[in-house]
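Only one structure is covered here, and it is reproduced in the block below.
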Amino acid sequence: MRSLQSLPTQRSVIRKGFRWDRADAYLFDIDGTLLNSRDSIHYFAFVRAVRQVLSIEVRMDGVPVHGHTDVGIVREVLRRAGITEDISEKHLPRILETMCTEVGRNYQHLRPEVCPAIPALIHHLRSRGALLGTASGNLEAIGWWKLEKAELKEMFAFGSFSWPRETRAEIFGQGLLLARQRLGAAASVCVVGDTPADIEAARMVGTDVIALATGIFPFEELLACGPDACLACAADLLSLPEAP
């Protein structure tokens, strides 16, 4: 069992000896970690894409989206609408393409709100020479558009996204591969996320993981999943004392 210590408040918990800013590369989730969307463009792209491709109306009510991938969300929406798996498979690529078209058409109306102290955290890690990438359940075009609108895109050297990968573990695994292709097989990589799914996927691919409670999941729930560090936001991460 990993040994944790509270520093310096009850909402800053880190594994003893974990040197959080010493990894060679970092993989950042997007939604809830780097930014929160203050619009419904991505949300309604699911509904509109299914309507255009299959000529049916679907609802997103009750479909879990936080910590899930765009591909997985589409599959669940179709399943709940009674669409058979063979029809879903046949039309999935076109639905995903249409989603990207919908978001791109409404690009100017995207309103991403950057999470607290994220620019300062990025600057700190880059100043230490770390390679930064994003690993997100978003479709690639949608993920980059959000980062571009938030003025964060240029901070990331590469990205791993949903489709053809469908699970977070596959997405993080691809991100790990891309980082090590650039830095070498021995490079250390750390995931930064905001959901229990991020923590679980990071463990599955063998990376350390920092959890920030800047999405919908509370600090206590993230802490219970056993990340290497769990904090209310990036500002608390930056205020941690140097590891001995």
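Bear in mind that the values here come from a model prediction, so they are computed numbers and not experimental data. Hydrogens, waters and symmetry mates are skipped; everything else that's a heavy atom, side chains included, is used.
Annotation: ring pair (Phe, Tyr, Trp, His ring centres under 6.0 Å) contacts of Trp163 (sequence neighbours excluded): none. Arg75 is linked by a side-chain contact (heavy atoms from CB on, under 4.5 Å) to Val71, Ser88, Glu89, Leu92, Glu166, counting only residues two or more places apart in sequence or in another chain. With sequence neighbours excluded, no residue forms a salt bridge (charged side-chain N to carboxylate O under 4.0 Å, His left out) with Arg94.
In this structure, the side chains of Leu27 and Ser160 stay at 4.5 Å or more apart for every pair of heavy atoms. The side-chain heavy atoms of Val74 and Met99, taken from C-beta on, include a pair separated by under 4.5 Å. With a 4.5 Å cut-off on side-chain heavy atoms, Tyr43 and Val65 do not count as touching. Looking at heavy atoms from C-beta onward, Phe161 lies out of side-chain contact with Thr69 at the 4.5 angstrom threshold. Looking only at side-chain heavy atoms (C-beta outward), Leu131 and Phe158 come within less than 4.5 Å of each other. Looking at heavy atoms from C-beta onward, Gln52 lies in side-chain contact with Glu102 at the 4.5 angstrom threshold. Proximity of Ile41 to His109: side-chain heavy atoms (C-beta onward) are separated by under 4.5 Å at one or more points.
Closest non-hydrogen pair, Ala169 versus Val205, comes out as O-CG1, 3.4 Å. Among all heavy-atom pairs drawn from Cys190 and Ala23, the shortest one is CB-CB, 4.0 Å. Annotation for Leu240 and Ser12: closest pair CD2-CB, 4.2 Å, computed over non-hydrogen atoms. For Ser162 against Gly137, the heavy-atom pair with the smallest separation is CB-O, 3.0 Å. The two residues Ile199 and Gly226 make their nearest non-hydrogen contact at CG2-C, 4.4 Å.
To the nearest 0.5 angstrom, Ile87 atom CD1 is 6.5 Å from His91 atom NE2. In this structure, the separation between OG on Ser40 and CE on Met60 is 10.5 Å, given to the nearest 0.5 Å. Atoms CG and CZ, on Leu222 and Arg11 in that order, are 9.5 Å from each other to the nearest 0.5 Å. If you take CD on Glu220 and SG on Cys230, they are separated by 8.0 Å, rounding to the nearest 0.5 Å. We find the CG-CG distance between Leu132 and Leu34 to be 9.5 Å, quoted to the nearest 0.5 Å.
Evaluation of the side-chain hydrogen bond (donor to acceptor under 3.5 Å, both in side chains) test over residues 178-188, restricted to residues two or more places apart or in two chains, returns Asp24-Ser188. Among pairs with a residue in residues 189-201, those fulfilling side-chain hydrogen bond (donor to acceptor under 3.5 Å, both in side chains) read Thr33-Asp194, Arg168-Asp198, Thr195-Asp198, at least two apart in sequence or across chains.
Under the 4.5 Å side-chain heavy-atom criterion for grouping Ile, Leu, Val, Met, Phe, Trp and Tyr, Leu177 is not connected to Phe172 through any hydrophobic cluster. Residues Leu178 and Val209 share a single hydrophobic cluster, defined by chaining ILVMFWY side chains whose heavy atoms lie under 4.5 Å apart. Taking hydrophobic clusters as Ile, Leu, Val, Met, Phe, Trp and Tyr residues chained together by side-chain heavy-atom distances below 4.5 Å, Val77 shares a cluster with Leu139. Criterion: ILVMFWY side-chain heavy atoms under 4.5 Å apart, direct or through other members. Under it, Val192 and Leu176 are not part of a common hydrophobic cluster. Note on Ile30 and Ile73: separate hydrophobic clusters, where clusters join Ile, Leu, Val, Met, Phe, Trp and Tyr whose side-chain heavy atoms are under 4.5 Å apart, directly or indirectly.
You'll find the ring centres of His124 and Trp20 inside the 6.0 Å limit.
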*Just do the side chain to side chain contact (heavy atoms under 4.5 Å, CB included) check on Arg203 and Asp228 with the steps written out, would you?*
CA-CA 10 Å; Arg203 296 297 183 219; Asp228 295 282; 3.0 Å; yes
*From CA spacing to verdict: side chain to side chain contact (heavy atoms under 4.5 Å, CB included), Asp29, Val191*: CA-CA 8 Å; Asp29 171 58; Val191 164; over 6 Å; no
*Where do Ile14 and Ile210 land on the side chain to side chain contact (heavy atoms under 4.5 Å, CB included) test, with the steps shown first?*
CA-CA 9 Å; Ile14 186 167; Ile210 296 168; over 6 Å; no
*Could you go step by step and tell me if Ile56 and Val50 meet the side chain to side chain contact (heavy atoms under 4.5 Å, CB included) rule?*
CA-CA 7 Å; Ile56 62 171; Val50 174; 3.7 Å; yes
Distance-only donor-acceptor hits, side chain of residues 149-156, under 3.5 Å, sequence neighbours excluded:
residue: Lys149; atom: NZ; partner: Tyr107; partner atom: O; Å: 3.3
residue: Lys149; atom: NZ; partner: Gln108; partner atom: O; Å: 2.9
residue: Lys149; atom: NZ; partner: Leu110; partner atom: O; Å: 3.0

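Under the 3.5 Å distance criterion, the side-chain polar atoms of Glu170 are matched with a main-chain donor or acceptor of Thr167.
Remark: the Ser37 side chain and the Asp39 side chain contain no N/O donor-acceptor pair separated by less than 3.5 Å. Side-chain contact annotation: Asp31 with Asn138, donor-acceptor N/O pair under 3.5 Å present.
With a 6.0 Å radius and a threshold of 12 heavy atoms from other residues, nucleotides or ligands, Arg59 has its CZ atom at or below the threshold.
Between Asp70 and Arg165 there is no salt bridge, since none of the side-chain N atoms of the basic residue sits less than 4.0 Å from a carboxylate O of the acidic one.
Taking the six-membered ring where tryptophan is involved, the planes of Phe28 and Tyr26 are tilted, since the angle between them lies from 30° to 60°.
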